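Because the structure is a prediction, the values reported are computed rather than measured.
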Amino acid sequence: MIIATHSGKFHADDVWAVMVLNLLFPDSELVRTRDPERIAAADFAVDVGGIWDPQAGRFDHHQKGFSGARQSGVLYASAGLVWREYGARCVALLAQQHLQHTLTDKDAQDMAYAIDADLVQYLDMSDTGTARNAPGGYGLSAVVSGFNLTWLDEQRSGSVASAEDMRQRQFSRAMEFMVDVLINQVRYRVGSMLAAGQVRLAERLEGGRLLYLGNAALPWSSIVRKEMPEVLFVISYSITENRYMLHTVPAAAETFDARCDLPATWAGLQGAELAAVTGVADAVFCHNGRFIAAALSYEGVLQMARLALEDADSAE
């Protein structure tokens, strides 16, 4: 199996696309060239060749008249074209390899769509000029671009062949980096999916306004925010820190604004100072932002949670 892409400077979109194909076809050979005959002879042609035909393994977007775009209107580059065809298969493969979990076809496709929305489309946007380097001023596209040779590298290489050999090694390093990025995406999403069931079945306390989770590492925020409007605080046990945490519930995604803050008198206090204010002997700390606190025992954190609920009731 031969995967062909262009030689010379590489970009995040072609690195991502080749990386995905290489994961699915691990014994493939990568050929970086602009030779039309070598491109035509390859099983896959990525970001080169002037053809978009997934059935024929052709994933270019530079040809005249190309207008492939997502339903959102975001144009495809090679990253998105390959991901559109092979994303779900790649997600399923990585879930099996790294989490020993078999995804349904629907779950794999849903995760592939989500990864496109959160990550892949931005690689395409950067490549097509829709955005200079989304997301952020030093996003993933810029990080990958940094693997390219500088003019000093090229000057020191001494020849075209030597420079291209160096560039090939850097392309491989960039691919390895992208593999880690993708694996982390899959691990996070599969973990969140598996955690959702445990969060939904977690113990409710204090008339349903308090939720108890036996593992603080469970990603609970989205489920509680969307499905449990009555929950004001979450207690969890941190296995790694051997203490109990008291969390507020975010009022919206990606914000520290909470449905209900911890008491103002706790803000920034630690140890004896917090114990004196709360009456909880093993109280550990309360963040100055009043969105998280801790105690060493379950009894202690439960007492703190009850105090926080009383404070919320008195503020109404």
Query raised in the report: Taking it one step at a time, do Leu211 and Leu205 satisfy side-chain contact (heavy atoms from CB on, under 4.5 Å)?
Result: CA-CA 6 Å; Leu211 186 75; Leu205 304 168; over 6 Å; no
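- Between the side chain of Asn148 and the backbone N or O of Lys9 there is no donor-acceptor pair closer than 3.5 Å.
- Taking Leu309 as the reference, Glu206, Arg209, Leu232, Phe233 meet the side-chain contact (heavy atoms from CB on, under 4.5 Å) condition, with sequence neighbours excluded.
- Using a 3.5 Å distance cut-off with no hydrogens or angles, the side chains of His61 and Asp127 do pair a donor with an acceptor.
- A salt bridge links Asp118 to Arg189: one of the charged nitrogens lies within less than 4.0 Å of a carboxylate oxygen.
- No side-chain heavy atom of Asp261 sits under 4.5 Å from any side-chain heavy atom of Phe291.
- Around atom CD of Gln100, more than 12 heavy atoms belonging to other residues, nucleotides or ligands sit under 6.0 Å away.
- Between Asp116 and Arg70 there is a salt bridge, with a side-chain nitrogen of the basic residue lying less than 4.0 Å from a carboxylate oxygen of the acidic one.
- Shown are Gln170, Arg173, Glu176, Met178; of these, the side-chain contact (heavy atoms from CB on, under 4.5 Å) with Val15 is made only by Met178.
- Looking only at side-chain heavy atoms (C-beta outward), Thr130 and Val74 stay at 4.5 Å or farther from each other.
- Formation of a donor-acceptor pair under 3.5 Å by the Trp16 side chain with backbone atoms of Leu123 is not found in this model.
- The backbone N or O of Ala117 sits less than 3.5 Å from a side-chain atom of Gln121, completing a donor-acceptor pair.
- In this structure a side-chain-to-backbone donor-acceptor pair under 3.5 Å is present from Thr278 to Leu274.
- Under 3.5 Å, the side chains of Asp60 and His62 contain a donor-acceptor pair of N or O atoms.
- Between the side chain of Ser192 and the main chain of Tyr188, a donor-acceptor pair closer than 3.5 Å is present.
- Annotation for Val186 and Val91: closest pair CG1-O, 3.9 Å, computed over non-hydrogen atoms.
- What you find for Ala293 and Met304 is that their closest heavy atoms are CB-CE, 3.8 Å.
- Closest approach of Pro54 and Glu85 over heavy atoms only: CB-OE1, 3.5 Å.
- Distance alone, capped at 3.5 Å, places no donor-acceptor pair between the Asp13 side chain and the Ala77 backbone.
- When ring centroids are compared, Phe25 and Phe44 come within the 6.0 Å threshold.
- With contacts defined as side-chain heavy-atom distances shorter than 4.5 Å, the pair Leu30/Asn22 does not qualify.
- Around CZ of Phe285, the count of heavy atoms belonging to other residues, nucleotides or ligands within 6.0 Å exceeds 12.
- Looking only at distances, a side-chain donor or acceptor of Arg58 sits under 3.5 Å from a matching main-chain atom of Ala56.
- Atom CG of Asp180 has more than 12 heavy atoms from other residues, nucleotides or ligands within 6.0 Å.
- Residues Leu302 and Leu210 are in side-chain contact: their nearest non-hydrogen atoms beyond the backbone lie under 4.5 Å apart.
- Taking the six-membered ring where tryptophan is involved, the planes of Trp52 and Tyr76 are tilted, since the angle between them lies from 30° to 60°.
- The side-chain heavy atoms of Pro263 and Arg290, taken from C-beta on, include no pair separated by under 4.5 Å.
- At distances below 3.5 Å, not a single donor-acceptor pair connects side-chain atoms of Ser126 with backbone N or O atoms of Tyr122.
- At distances below 3.5 Å, at least one donor-acceptor pair connects side-chain atoms of His287 with backbone N or O atoms of Gly289.
- Side-chain contact between Arg156 and Leu149: absent, with no pair of heavy atoms (C-beta onward) separated by less than 4.5 Å.
- By the salt bridge (charged side-chain N to carboxylate O under 4.0 Å, His left out) test, Arg200 is found to be paired with Glu227, residues two or more places apart in sequence or in another chain being considered.
- Closest approach of Asp124 and Ala79 over heavy atoms only: OD1-CB, 3.3 Å.
- With contacts defined as side-chain heavy-atom distances shorter than 4.5 Å, the pair Leu140/Phe177 qualifies.
- In this structure a side-chain-to-backbone donor-acceptor pair under 3.5 Å is present from Ser157 to Glu154.
- The two residues Ser236 and Ala216 make their nearest non-hydrogen contact at OG-CB, 3.2 Å.
- Side-chain N/O atoms of Thr150 and Asp153 include a donor and acceptor closer than 3.5 Å.
- Legend: residues meeting side-chain contact (heavy atoms from CB on, under 4.5 Å) with Thr102, ordered by chain and number and at least two apart, are Gln96.
- Around CZ of Arg187, the count of heavy atoms belonging to other residues, nucleotides or ligands within 6.0 Å does not exceed 12.
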Report task. Begin with the C-alpha distance, continue with both residues' side-chain angles, and end with the deciding distance and a verdict on side-chain contact (heavy atoms from CB on, under 4.5 Å) for Cys90 and Leu182. Result -> CA-CA 9 Å; Cys90 197; Leu182 179 53; 3.7 Å; yes
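- No hydrogens or angles considered: nothing links the side chains of Asp47 and Thr5 as a donor-acceptor pair under 3.5 Å.
- For the residue pair Tyr244 and Ser297, the shortest heavy atom distance occurs at CD1-C, 3.3 Å.
- Side-chain atoms of Asp14 and Ser78 include no donor-acceptor pair closer than 3.5 Å.
- When side chains are defined from C-beta on, Met111 counts as touching Val190, because their heavy atoms get closer than 4.5 Å.
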Query - Stepwise side-chain contact (heavy atoms from CB on, under 4.5 Å) test for Asp43 and Ile3 - result: CA-CA 6 Å; Asp43 298 279; Ile3 304 171; over 6 Å; no
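- Checked by atom type, the side-chain pair His6/Thr33 shows no donor-acceptor distance below 3.5 Å.
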Report task. Might you work through the side-chain contact (heavy atoms from CB on, under 4.5 Å) test for Leu103 and His101, ending with a clear yes or no? Result -> CA-CA 6 Å; Leu103 291 171; His101 182 77; 3.6 Å; yes
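- Atom CE in Met19 sits 6.0 Å away from atom CG in Leu23 (nearest 0.5 Å).
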